[in-house]
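This structure is a prediction, so every number in the text was calculated from the model and none was measured. We count ligands from 1, going down the list as the structure has it; atoms in each ligand are counted the same way.
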Amino acid sequence: MSARIRLDPATVVGPVRRRTFGSFVEHLGRCVYTGIYEPDHPSATPEGFRGDVLDLVRELGVTLVRYPGGNFVSGYRWRDGVGPVAERPARLDLAWHSLEPNLVGVDELMAWARHAGVEVNMAVNLGTAGVLDAVDLLDYCNTREGTDNAARRRAHGAAEPYGIRLWCLGNEMDGPWQIGHTTARDYGRLANRTAAAMRMVDPDLELVACGSSGHEMPTFGEWERTVLDEAWPNVDLVSMHAYYSQREPMTLQEYLVCADGMAAFIDDMVDVVDGVAAARHSDKVVGLAFDEWNVWYMHRAESQPPTGDDWPVAPRLLEDRYSVADAVVVGDLLGTLLRRTDRVWSANLAQLVNVIAPIMTEPGGAAWRQTTFHPFALTARHAAGDVVRAEVDGPEVTGPDGATAAVTATATWADATGEGAVFLVNRSVPATVPITLEPPPGAHLVEAVTMHHDDPGFQVLGPADEDVVVPRPNPTATDGDGAIRLEVPPVSWSMVRLAR
Ligand code: AHR
C-alpha cells in the first residue's frame, strides 16, 4: 500500500487563480452581525468591524468575498442598507426567517473588504427585483460621479467608485426554496436582459448566470442549456453549488471520497456548457464559478430556521462544528477545484464566519479557527504559479461508486520563483500510505506538514482546543536519491513544499 507521485511542471493545467480562494458573506445567522461586524466588541475598528475576525480572514488568505447572498439576496432591497444608519428600515428576511436590521449594507461591506484586502463579488436580486434595480446598484457602486446613485454613494462617504468586476445574476434560481423561483426559460430571459443592461453601463463586467444549485437537481443540465440558450452572448460564467456531509447510512470511507462527486459535477458541467457552445458554433468559452462549496450538515437542528412569530436578528444558524475528517474533505475539495483551474475560474468557500464557516466567534468573546481553516489557509498561501500535473500511482479505497484513489495529489509550480507545493490527501480510513514523490529535476524538500488526529471525528469546539489539531511538521519526510519520501497517516491532509 504505497503511492508514487510524479510531478510534471511541463504539463500545465492552468494558472493558480487567486479567485479560487474566495469565500462568502451572506446576511444569514451570525455571519454579518457578531461575525464580521460587532461595534461593541473589544477588538472593533472605528467602523464596527471585529478586528480579531479581520486578522483571521487575512490569515485564511481569502481573496474574494461573495455578498450579500445566497438565498437572502432574492428578497434584498439594497437601498435599505445605504445612507444614515438610523434611517434604515428593519425588514423580514424571508429566506432565513430572521429580522434584517440593515446596519450593514453595501458601503459597510466594501469598507470591510478594503480592510480585509479582498475583492468583492456582488450578487444582484433577480428573485424579487430586476433589471432596473441591478443597474442602479451597479451605478451606485461603480460610477465615479454625475449620476444620482453615484452622488448618493459619495454622500455616504465613498468618493471613489468601488470598481466591482464580478457580478452574480441572482442566486439558485433553479431551487424551489428560492424567493422568486422560476423556470429556466424565464430566468434565462431575465438574466439576459439584466446582463445586457449592465453591459451598457460597463461592457467589461464579468457576469455569472445561475447554474444548478446541485448536481442532484432534477433540472441539472437542461437548466443550464436553457439559461445559456437565452443568455449566451451576455454571460461569462455559470455558477455551481455543492455541499457535502457524512449522512447515514454513508460510511466514513464513502464520505472521505466525496470530492470525486465534485470532480464529476465539474466534468458534467463542462460538457453541458461546451455542448451549448458547439450547438451555437460559438468559440466562446464559458467558465465555471463554483460560488458555494463546503461541508454542510444541513439536516441537523443547527440549520433549521426559526418559525412562526419568531423573527430574531442574527440567530445562531448553520453553526456546524467541523471534525478532522471534515477538514480533510475540505482540503480535498479545494484540491479538486485547483485541478480544474482550466475551467473553474472562481470559487467561494461558503461561508466565512459562523455560518458553515472556517472562522467562529462568540459575541463579545473570542474568534477562533475551525479544523477546516487550516487546509484552506495553507493552500491559499502556498499554491502559486501554475497547477501542474501530478500523476498518482497508488492504492485504492471503496467509495459509493466503487474503487477510487486512496491518495489524491494537487501540485503547483511557480517557474518564476522555482517553488512548488503538493497538497496530499490520504482518504483511506485504515491505512497509512508511504509516499514516494518524484520532484522536478533539481528541486528539494523545503517542508512537509500533516494534519491528522487519531480520532477523525475530533472537533475543535472552541479557542481552548484550537491547537490540538493543526498541520504539524511530518517527521517521516526525507529527501534524497531524487525522491522525497514521507508517510501520510489515515484520514489526513498534508502539504509538501519544494524549491529549486
Ligand atoms: O450557504 C447557505 C445557503 O446555501 C445559501 O444561502 C444558498 O444559496 C444555498 O442553498
Trainee: How far is atom 7 (C) of ligand 1 from its nearest protein heavy atom, and which residue and atom is that?
Mentor: Asn71 OD1, 3.3 Å

Trainee: Which one holds for Trp96 and ligand 1: side chain close, backbone close, both close, or neither close, with close meaning a heavy atom under 4.0 Å?
Mentor: side chain

Trainee: Which bit of Trp296 gets closer than 4.0 Å to ligand 1, counting heavy atoms only: side chain, backbone, both or neither?
Mentor: side chain

Trainee: If the threshold is 4.0 Å, N to carboxylate O, is there a salt bridge linking Glu206 and Arg199?
Mentor: no

Trainee: State the atoms of ligand 1, each with its element, that fall below the 4.0 Å cut-off from a heavy-atom position in Tyr243.
Mentor: 1 (O), 2 (C), 4 (O)

Trainee: Any salt bridge linking Arg280 with Asp229? Criterion: basic side-chain nitrogen under 4.0 Å from a carboxylate oxygen.
Mentor: yes

Trainee: How long is the straight-line distance from CD of Glu230 back to CZ of Arg185, given to the nearest 0.5 Å?
Mentor: 4.5 Å

Trainee: Does Asp260 pair with Arg427 as a salt bridge, N-O distance under 4.0 Å?
Mentor: yes

Trainee: Considering heavy atoms of the protein only, find what lies nearest to atom 8 (O) of ligand 1 and give residue, atom and distance to 0.1 Å.
Mentor: Glu292 OE2, 2.6 Å

Trainee: Provide the number and element of each atom of ligand 1 under 4.0 Å from a heavy atom of Glu26.
Mentor: 5 (C), 6 (O)

Trainee: Suppose we measure from atom 2 (C) of ligand 1 to each protein heavy atom; which comes out shortest, and what is that distance?
Mentor: Gln351 NE2, 3.5 Å

Trainee: Do any nitrogen or oxygen atoms of His241 come within less than 3.5 Å of a nitrogen or oxygen of ligand 1?
Mentor: no

Trainee: Between Tyr37 and Phe49, how do the two ring planes meet: parallel, tilted or perpendicular, split at 30° and 60°?
Mentor: perpendicular

Trainee: Mind checking whether Asn171 contacts ligand 1 via backbone (N, CA, C, O), side chain (CB onward), both or neither, at a 4.0 Å heavy-atom cut-off?
Mentor: side chain

Trainee: Could you list the atoms of ligand 1 found under 4.0 angstrom from a heavy atom of Glu172?
Mentor: 7 (C), 8 (O), 9 (C), 10 (O)

Trainee: List the steps and the verdict of side-chain contact (heavy atoms from CB on, under 4.5 Å) for Val257 and Val397.
Mentor: CA-CA 9 Å; Val257 300; Val397 292; 3.8 Å; yes

Trainee: Quick one: OH on Tyr187 to NE2 on His181, what's the gap to the nearest 0.5 Å?
Mentor: 12.5 Å

